[in-house]
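Values reported hereafter were calculated over all heavy atoms of this structure, with side chains retained and with hydrogens, waters and symmetry mates removed. A, B, ... follow the sequence lines: proteins, then strands. Residue 1 opens every chain. Keep in mind it's a predicted model, so treat the numbers as computed, not measured.
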Amino acid sequence: MELDKIEQLLEKYFEGETTLAEEQQLKNYFSSAVVASHLQQYQPLFGYYAVAAQEKPQQEFHLKSNQNQPLKWISIAASVVILLGVGFFAFNHFSAIEKPSSELGTYDDPQQAFEQTQKALAMLSKQVNVGIGSMQYVQQYENTKDQIFITE
Amino acid sequence: MNSNEFLHLITPFKDKVFRLAKRLLVSTEEAEDAAQEVMLKLWNKNQSLSEYQSVEALAMTMTRNYCLDQLKSKRASNLQIVHQNFTNRDPSLQQQLEDADALDWVSKIINNLPEQQKMIVQLRDIEQQEFSEIAKILEMNETAVRVALSRARKTIRENMTKTHSYGIG
């Protein structure tokens with residue numbers, strides 16, 4: 001194609017007035033081996049258009065939504081958390097009931113239970129007697145007071 | 001419409017949708033996500049699809065709206081991780097880019113255009129669509145499309161002559 005026609009087309013091209021067919025002519029010209037040296041600066045431009053039109057996505061389009069996937073995983077995670085929570089609660093709850101009975105110590109033999117109870121009560125009353133013992137002094141004061149101030 | 005028919009329907013333009021999304025969002029992964037999202041929206045519209053004259057134009061408009069929304073929400077957040085943010089403000093970076101492939105350089109120039117012009121260049125020069133179709137997709141009138149296209153092409157030319165006269169490109 002004549003050079004002046006190409007130049008004309010280029011001028012029109014930059015004004016946005018070329019038709020698709022004319023633009024195709026330009027693309028063909030710039031992809032050919034013979035491009036006038038002063039027009040070579042436009043070669044990459046038209047070359048790029050051709051390359052860019054070939055670009056394709058790497059992954060194929062699929063109809064199943066990607067968004068459902070996280071939701072599924074979230075529901076699985078949630079159910080695991082709930083199960084763990086219930087299990088943990090049950091474990092704590094039931095072992096909490098069992099613990100006191102084992103720690104307080106129960107006796108199957110009544111005789112032994114009686115002895116242990118006596119021992120415990122004796123220990124208690126001994127402590128109470130210690131407290132009363134220290135109150136003996138107070139009683140002494142009371143007696144002495146009665147000797148001094150004879151009341152009617 | 002069953003899924004096979006739907007896949008058959010979208011085959012002619014699904015790559016186009018991806019390319020438009022990539023033009024706007026720059027990153028391939030984001031563009032793939034966007035294309036996927038648009039196709040799913042189309043699939044959900046399944047029943048009403050027959051009401052549209054051109055499913056392709058509808059898909060392209062949806063892509064445009066979706067991508068612009070994405071860009072807007074990304075700009076609104078503090079995290080600015082859009083690729084176009086590390087462009088040629090820095091002269092040394094520009095130098096590096098110029099050393100790269102000439103085609104790559106063209107794509108950088110196009111990606112620096114305003115979004116409207118980017119989309120028009122994509123649809124016209126790359127996808128070779130008629131002005132009437134572009135006008136419909138972008139919801140503009142044809143004259144405005146022509147004016148914006150001319151402006152975009154001139155900006156590209158300006159940037160290319162600049163690099164060309166520096167002996168690169």
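Contact of A/Y13 with chain B is made through backbone and side chain together, with heavy-atom distances under 4.5 Å. Contact annotation for B/R124: both backbone and side-chain heavy atoms come within less than 4.5 Å of a heavy atom of chain A. Looking at B/V121, the atoms closer than 4.5 Å to chain A (heavy atoms on both sides) all sit in the side chain, from C-beta outward.
Hydrophobic clustering (side-chain heavy atoms under 4.5 Å, transitive across Ile, Leu, Val, Met, Phe, Trp, Tyr) groups A/F46 together with B/V106. By the criterion of side-chain heavy atoms lying less than 4.5 angstrom apart, applied directly or through intervening Ile, Leu, Val, Met, Phe, Trp or Tyr residues, B/I110 is grouped together with B/M60 in one hydrophobic cluster. Hydrophobic clustering, with ILVMFWY side chains joined whenever heavy atoms are under 4.5 angstrom apart, groups B/I109 together with B/L123. If you chain together hydrophobic residues whose side chains sit under 4.5 Å apart, B/Y66 and B/L49 fall into the same group. Taken together through direct or relayed side-chain contacts under 4.5 Å among Ile, Leu, Val, Met, Phe, Trp and Tyr, B/L138 and B/V147 form parts of separate hydrophobic clusters.
Across all non-hydrogen atoms, the minimal contact from B/Q128 to A/Q24 is OE1-OE1, 3.1 Å. Closest non-hydrogen pair, A/G16 versus B/S150, comes out as N-CB, 3.9 Å. Minimum interatomic distance between B/R19 and A/A52 (heavy atoms only, all atoms of both residues): CD-O, 3.0 Å. Closest approach of A/P57 to B/E32, counting heavy atoms only: C-OE2, 3.7 Å. Taking each heavy atom of B/E130 and A/L20 in turn, the nearest pair found is OE2-CD1, 3.3 Å.
Of the inter-residue distances, the one linking A/E17 atom CD with B/F131 atom CZ reads 9.0 Å to the nearest 0.5 angstrom. B/E158 CD to A/F14 CZ: the interatomic distance, rounded to the nearest 0.5 Å, is 11.0 Å. Taken from NZ in A/K56 to NZ in B/K16, the straight-line distance is 12.0 Å, to the nearest 0.5 Å. Considering CG of B/N159 and CG of A/L45, their distance stands at 11.0 Å, rounded to 0.5 Å. Summarising the geometry, atom OH belonging to A/Y49 is positioned 12.0 Å from atom CG belonging to B/L103; distances are rounded to the nearest 0.5 Å. For the atom pair OH of A/Y48 and CG of B/D104, the computed distance is 8.5 Å after rounding to the nearest 0.5 Å.
Between B/K22 and A/E55 there is a salt bridge, with a side-chain nitrogen of the basic residue lying less than 4.0 Å from a carboxylate oxygen of the acidic one. Salt bridge present: A/E15 and B/K154 bring a charged side-chain N and a carboxylate O closer than 4.0 Å. In summary, A/E23 and B/R153 engage in a salt bridge, as defined by a charged side-chain N under 4.0 Å from a carboxylate O.
When each of B/M39, B/E29, B/K14 is scored by its heavy-atom pairs under 4.5 Å with chain A, the top score falls to B/M39.
Cation-pi contact between B/R157 and A/Y42: absent, since separation from the ring centre below 6.0 Å together with deviation from the ring axis within 45° is not met.
Within 6.0 Å of the CD atom in A/Q112, the count of heavy atoms belonging to other residues, nucleotides or ligands exceeds 12.
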